[in-house]
Structure formats: structure tokens, C-alpha cells
K.L.:
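Attaching a single structure in C-alpha cells format; questions to follow.
Residues take their numbers from the sequence shown, with the count starting at 1.
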Amino acid sequence: IFMNNILNHRGYRFYQTSYDKDEKGTYLTVNRDVPGTQITYLGYILVIIGMFASLFNRNSRFASLIRAAKKNAGPAAGKVGTGILILFVFTFISDNVLAQSQEQKTPGRDYVIRKDHARTAGRLLVQGNKGRIKPLSTLSSELLRKIARKSTYKGLHPDQVVLSMMAFPQKWKDRPLIKIGHPRMKQLLNISGSHASFSKFSKGPDQNYILAKYVNMAYQKKPASRNKFDNEIIKVHERVHLCNLIFNNRVLKIFPVPGKTNHQWLDPSQVEGQFEDKDSLYVANIVSLYVQSLRKAKETSDWEKAGMYLESMKDFQKKFAPQTLPSQKEIDLEIGYYDLNIFYKLFKAYGVL
């Protein structure tokens with residue numbers, strides 16, 4: 001059981017609604033309404049069937065609009081097609097121009113990881129929360145969209161952002177990275193913009209977490225009873241938690257455990273006692289050595305040692321998980337898919353249309 005993953009057992013449904021700060025205890029909401037659940041799902045099925053059937057019903061509103069469009073298209077259709085083509089070309093070009101202009105304005109270039117190294121690091125494989133093995137580039141893209149609600153950050157690729165956050169956490173803790181949407185939340189954090197820095201969520205000499213009591217109150221409510229502020233609290237709390245995981249290198253589940261039938265991979269904080277002899281020493285130190293080499297490379301512009309550590313981690317994965325690793329072609333396709341960012345570009349074009 002975890003967030004959004006429900007356990008169905010003998011007619012009971014168990015939802016995780018919260019967990020202890022040390023993540024060793026969980027709060028569950030239990031529900032038992034078999035007839036109600038079945039009726040609800042039946043309703044959804046009927047709605048889907050009805051929507052799908054309307055596409056093929058000659059007397060439906062949808063069919064009448066299609067007939068009208070065909071009848072009225074005439075010679076204007078060619079001009080419309082040309083206009084749409086120009087619009088799509090403009091959308092794709094404007095994205096590139098915008099990205100370049102943003103990159104010129106990116107502050108703190110002294111702690112930004114060089115792009116070619118970041119993209120190489122993006123090919124390192126990691127295990128996601130649901131067990132899928134995927135490129136670090138995919139994870140970086142997912143993390144940035146969840147935290148900042150953006151596909152890039154001031155012209156930086158997500159690979160650059162995540163690696164830089166790992167290497168220079170103190171610098172990034174003061175960057176306005178975490179998306180804030182609710183006015184009351186902005187008032188609570190004393191900000192006026194749409195994004196808050198990680199450091200804004202702590203106050204006082206003890207660095208107390210500002211959202212602590214609000215998070216507990218929100219999770220104690222049933223999902224149906226939560227208001228917009230409660231939902232915003234939960235979303236922002238998750239974004240802060242993800243930032244903390246990045247700063248502490250805990251998003252890097254890169255170490256396959258030998259002999260595990262469930263193909264479990266571990267992050268640096270979980271490796272103690274899981275490996276033997278020199279492998280144990282390696283997994284305990286390689287990530288910190290790699291992060292240190294990133295800092296050194298920023299000073300010397302020599303990325304050779306960082307690249308060497310990166311390749312050694314890839315070799316380690318090949319040694320302990322040869323059967324579970326995706327092929328190079330699959331890795332290339334997945335990274336290319338995320339780089340294309342097709343849905344974001346189509347969204348803008350559709351919006352104009």
C-alpha cells in the first residue's frame with residue numbers, strides 16, 4: 001500500500017492517507033462498500049461506452065458537425081491547412097528561441113553542471129518508486145515537472161538541474177523552485193511570486209518545518225472532506241519532500257542487489273549490509289565521490305574524473321543486473337521521447353487553434 005495504490009482485500013479497501021515522519025508507521029483509511037463500488041464502476045463503463053458509441057452514431061451531434069465541416073470546407077480548406085502548418089512550425093521554433101534566451105539569463109552559472117556531462121549522466125539507469133528501471137534523464141524530467149511544474153528551469157535541462165541540486169544543495173535551497181498556487185500558501189510563506197525556495201519552509205533557530213501542523217491536519221481528513229488549501233498543502237509538501245530527497249542523493253536508486261528475486265535497487269542510504277567485501281566499500285562511497293568530482297570539475301573545468309565515476313556506476317549495474325537492464329536502443333528512444341516534449345508543444349498549438 002502506498003499513496004494512490006489501494007489494497008483490495010475481502011471487500012475492504014485500504015488507502016494510505018498519511019505516514020509518520022520517520023516513514024516507519026502509516027495511517028490508513030478503511031472503506032467497505034462492495035455494491036457501491038460496483039455500481040460506480042458500472043456507471044463509468046456505461047459513460048465510456050456511450051461516448052465511444054456517439055462517434056459512430058449517424059444522428060449524433062458529433063456526426064452532424066463532421067458533415068457540416070465537409071460541406072463548408074470548399075477552397076478555404078487549403079488556406080486553413082497552410083495556416084495550421086505555419087502555426088506548428090512557429091510553435092517549435094519559438095520553443096528553441098525561448099530556451100536559448102532563458103539560458104543566457106540563467107543565474108548562478110558557477111554551480112550549473114555542464115550540459116554535455118549532464119546528458120551523459122542522464123543515461124545512467126535508476127529504479128523508480130514503482131519498480132521500473134529507467135534512465136536518470138526520465139526521472140529528472142519527472143522530478144522537475146512535479147516540483148516546479150516546468151519542463152525546464154531557466155534554460156537548464158532537467159538533468160542539469162537535478163545533478164546541480166545534488167552537488168550544490170546550499171545554492172539551490174535559496175532558488176525559487178517549488179511551485180506554489182494557493183494565495184493562502186503564499187501568505188504563509190511570505191512570498192509574492194509563483195515559486196518558493198526550499199529555505200522558505202523552515203523558520204526559527206531550530207529550523208522548524210512551517211507546514212508540519214497543516215500537513216497533519218490535511219492528512220487526518222478524508223479525501224472528500226479536504227478543501228483546496230488542504231490539497232495544496234499535500235501537493236507542496238510532496239514537492240518539498242522530493243527536493244529533500246534530491247539534496248540527500250536518495251533519488252538515486254542505482255545499486256541492484258545481488259540475488260534479489262524482486263529486482264530491488266537501492267539508493268546510497270540503503271546499501272549498508274547489502275553487499276560484501278569490496279562491493280560494499282564501493283557502493284558506500286561512489287555516489288559521494290561522484291558528487292565531489294562534480295564540484296571539483298566546476299572549479300577546474302576537467303570533467304574526466306566525473307565521467308570515470310559515472311562509467312564505473314554503469315559497469316556496476318551491468319555486473320549485477322545484466323538481465324533486467326533495457327537495451328541501448330530502448331534507452332535512446334525513451335530519452336529522445338522526453339527531449340521531444342511533443343505534448344507540451346502540441347498543447348500550445350492547440351490552444352492557439
K.L.:
At what distance, to the nearest 0.5 angstrom, does CG of Leu156 lie from CD1 of Ile113?
P.N.:
10.0 Å

K.L.:
Give a yes or no on this: more than 12 heavy atoms of other residues, nucleotides or ligands lie within 6.0 Å of atom CZ of Arg61.
P.N.:
no

K.L.:
What distance separates Lys179 NZ from Arg239 CZ, expressed to the nearest 0.5 Å?
P.N.:
8.0 Å

K.L.:
Backbone N or O of Gly181 within a donor-acceptor pair of the Glu232 side chain at under 3.5 Å?
P.N.:
yes

K.L.:
Locate the shortest heavy-atom distance separating Met51 from Ser54; write the atom from each residue and the value.
P.N.:
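Taking Met51 first and Ser54 second, the nearest heavy atoms are O-OG, 2.6 Å.
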
K.L.:
Is it possible for you to say whether Met308 and Leu281 belong to one hydrophobic cluster, with membership spreading through side-chain heavy-atom contacts below 4.5 Å?
P.N.:
no

K.L.:
Within the 4.5 Å heavy-atom criterion, are Leu266 and Ile254 side-chain neighbours or not?
P.N.:
no

K.L.:
Rounded to the nearest 0.5 Å, how far apart are CH2 of Trp172 and OH of Tyr111?
P.N.:
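One gets 6.0 Å once the value is rounded to the nearest 0.5 Å.
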
K.L.:
I'd like to know whether Phe229 forms a side-chain contact (heavy atoms from CB on, under 4.5 Å) with Tyr214, so could you lay out the CA-CA distance, the side-chain angles of the two residues, the decisive distance to 0.1 Å, and finally the verdict.
P.N.:
CA-CA 9 Å; Phe229 180 67; Tyr214 300 100; 3.9 Å; yes

K.L.:
Evaluate the side-chain proximity of Asn244 to Phe198: yes if any heavy-atom separation is below 4.5 Å, no if none is.
P.N.:
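Yes - at least one pair of side-chain heavy atoms lies under 4.5 Å apart.
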
K.L.:
Between Asn285 and Ser288, what is the shortest heavy-atom contact and its length?
P.N.:
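Between these two residues, the closest heavy atoms are O-OG, 2.8 Å.
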
K.L.:
Are Lys319 and Asp279 close enough, and set up right, to give a salt bridge (charged side-chain N to carboxylate O under 4.0 Å, His left out), and what steps lead you there?
P.N.:
CA-CA 11 Å; Lys319 175 183 176 182; Asp279 290 328; 3.6 Å; yes

K.L.:
Any chance the rings of Tyr27 and Tyr219 have centres within less than 6.0 Å?
P.N.:
no

K.L.:
Do Asn231 and Arg226 have side-chain N/O donor and acceptor atoms under 3.5 Å apart?
P.N.:
no

K.L.:
When you look at CG of Asn190, are more than 12 heavy atoms from neighbouring residues, nucleotides or ligands closer to it than 6.0 Å?
P.N.:
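Counting other residues, nucleotides and ligands, CG of Asn190 stays at 12 neighbours or fewer.
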
K.L.:
Could you go through Ser197 and Asp174, starting from their C-alpha distance and side-chain angles, then the distance that decides it, and tell me whether this counts as side-chain hydrogen bond (donor to acceptor under 3.5 Å, both in side chains)?
P.N.:
CA-CA 5 Å; Ser197 65; Asp174 292 324; 5.0 Å; no

K.L.:
Look at atom NZ of Lys203 and say whether more than 12 heavy atoms of other residues, nucleotides or ligands are closer to it than 6.0 Å.
P.N.:
no

K.L.:
Is there a side-chain contact between Val291 and Asn249, using heavy atoms and a 4.5 Å cut-off?
P.N.:
yes

K.L.:
Does Leu125 belong to the same Ile/Leu/Val/Met/Phe/Trp/Tyr cluster as Leu163, with side-chain heavy atoms less than 4.5 Å apart forming each link?
P.N.:
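Unlinked, Leu125 and Leu163 end up in two clusters.
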
K.L.:
Say you draw a straight line from OG of Ser141 to CG of Asp339; how long is it, rounded to the nearest 0.5 Å?
P.N.:
8.5 Å

K.L.:
I want to know whether Phe347 and Phe343 have ring centres closer than 6.0 Å.
P.N.:
no

K.L.:
Is there a side-chain contact (heavy atoms from CB on, under 4.5 Å) between Phe14 and Ile6 once you walk through the steps?
P.N.:
CA-CA 6 Å; Phe14 296 81; Ile6 302 166; 5.8 Å; no

K.L.:
Is NZ or CZ of Lys173 both nearer than 6.0 Å to the six-membered ring centre of Phe247 and within 45° of the ring axis?
P.N.:
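Yes, Lys173 and Phe247 form such a contact.
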
K.L.:
Quick check on Gln187: does its CD atom have over 12 non-hydrogen neighbours (other residues, nucleotides or ligands) under 6.0 Å away?
P.N.:
no

K.L.:
Same cluster or not: are Leu289 and Met313 linked, directly or through other Ile, Leu, Val, Met, Phe, Trp or Tyr residues, by side-chain heavy atoms under 4.5 angstrom apart?
P.N.:
yes

K.L.:
Any donor and acceptor pair, going by atom type alone, linking the side chain of Glu299 with main-chain N or O of Lys296 inside 3.5 Å?
P.N.:
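No, because the side chain of Glu299 does not come within donor-acceptor range (under 3.5 Å) of the backbone of Lys296.
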
K.L.:
For Pro158 and Ser151, work out which heavy atoms get closest and say how close.
P.N.:
CG-O, 3.3 Å

K.L.:
What I want to find out is whether Asp33 reaches Arg13 closely enough, with some N-O distance under 4.0 Å, to be called a salt bridge.
P.N.:
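Not counted as a salt bridge, because no side-chain N and carboxylate O are separated by less than 4.0 Å.
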
K.L.:
Any side-chain heavy-atom pair from Asn248 and Met166 closer than 4.5 angstrom?
P.N.:
no

K.L.:
Hey, could you give me the CG/NE2 distance between Leu188 and His182, rounded to the nearest 0.5 Å?
P.N.:
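Result: 11.0 Å between the selected atoms.
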
K.L.:
Output yes when a side-chain donor or acceptor of Asp206 lies under 3.5 Å from a complementary backbone atom of Asn208, and no otherwise.
P.N.:
no

K.L.:
State, without any angle test, whether Ser312 and Tyr290 hold a side-chain donor-acceptor pair at a distance under 3.5 Å.
P.N.:
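Per modelled atom types, Ser312 and Tyr290 side chains form no pair under 3.5 Å.
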
K.L.:
Any side-chain heavy atom of Ser137 within less than 4.5 Å of one from His157?
P.N.:
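In contact.
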
K.L.:
Which atom names give the shortest non-hydrogen contact between His117 and Gly307, and what distance separates them?
P.N.:
CE1-N, 3.8 Å

K.L.:
Using 30° and 60° as the class limits, which term best fits the ring planes of His237 and His241: parallel, tilted or perpendicular?
P.N.:
parallel

K.L.:
Nearest 0.5 Å please: distance from the CG atom of Leu144 over to the CZ atom of Arg149.
P.N.:
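If we round to the nearest 0.5 Å, Leu144:CG and Arg149:CZ are 10.5 Å apart.
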
K.L.:
Under a 3.5 Å distance rule, please check whether Thr152 uses its side chain to pair with a backbone N or O of Gly155 as donor and acceptor.
P.N.:
no

K.L.:
Short question: side chain of Glu238, backbone of Lys235 - any donor-acceptor pair under 3.5 Å?
P.N.:
no

K.L.:
Do His195 side-chain atoms and Ala148 backbone N/O form a donor-acceptor pair below 3.5 Å?
P.N.:
yes

K.L.:
State yes or no: do Ile210 and Met185 share one hydrophobic cluster built from I, L, V, M, F, W and Y residues joined by side-chain heavy-atom distances below 4.5 Å, directly or via other members?
P.N.:
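Yes, same cluster.
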
K.L.:
Under a 4.5 Å cut-off applied to non-hydrogen side-chain atoms, are Tyr12 and Leu7 in contact?
P.N.:
no

K.L.:
Please answer whether the main-chain N or O of Tyr338 pairs with a side-chain N or O of Asn341 as donor and acceptor at a distance below 3.5 Å.
P.N.:
no

K.L.:
Between Tyr153 and Leu177, does a side-chain contact (heavy atoms from CB on, under 4.5 Å) hold up when you go through it step by step?
P.N.:
CA-CA 8 Å; Tyr153 182 76; Leu177 184 66; 3.6 Å; yes

K.L.:
Tell me, with the steps shown, if Thr120 and Asp116 meet side-chain contact (heavy atoms from CB on, under 4.5 Å).
P.N.:
CA-CA 6 Å; Thr120 302; Asp116 60 344; 5.6 Å; no

K.L.:
Is it the case that atom CG in Asn129 sees more than 12 heavy atoms from other parts of the structure closer than 6.0 Å?
P.N.:
no

K.L.:
Between Asp159 and Arg119, is there a side-chain N and carboxylate O pair less than 4.0 Å apart?
P.N.:
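Salt bridge present between Asp159 and Arg119.
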
K.L.:
In terms of hydrophobic clustering (I, L, V, M, F, W, Y; side-chain heavy atoms under 4.5 Å; direct or indirect links), are Leu136 and Ile331 co-clustered?
P.N.:
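Looking at the clustering, Ile331 is in a separate group from Leu136.
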
K.L.:
Is Arg58 atom CZ crowded by more than 12 heavy atoms from other residues, nucleotides or ligands, each under 6.0 Å away?
P.N.:
no

K.L.:
Considering only NZ, NE, NH1 and NH2 on the basic side and carboxylate oxygens on the acidic side, decide whether Lys134 and Glu142 come within less than 4.0 Å.
P.N.:
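Yes, this pair counts.
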
K.L.:
State, with a plain yes or no, whether a side-chain heavy atom of Trp265 is found less than 4.5 Å away from one of Thr324.
P.N.:
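The answer is yes; the side chains approach within 4.5 Å.
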
K.L.:
Can you give me the closest heavy-atom contact between Val283 and Ser280, atom names plus distance?
P.N.:
CG2-O, 3.4 Å

K.L.:
Might you point out which heavy atoms bring Ile233 and Ala218 nearest each other, and give the distance in Å?
P.N.:
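Ile233 and Ala218 have their closest heavy atoms at CG2-CB, 4.4 Å.
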
K.L.:
Would you say Lys154 and Arg175 make side-chain contact, with heavy atoms under 4.5 Å?
P.N.:
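In short, these two side chains touch, coming nearer than 4.5 Å.
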
K.L.:
What I want to check is whether the side chains of Gln328 and Arg123 have a donor and an acceptor closer together than 3.5 Å.
P.N.:
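Side-chain D/A pair, Gln328 to Arg123: present.
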
K.L.:
Could you check whether Lys314 pairs with Glu311 (Lys NZ or Arg NE/NH1/NH2 to Asp/Glu carboxylate O, under 4.0 Å)?
P.N.:
yes

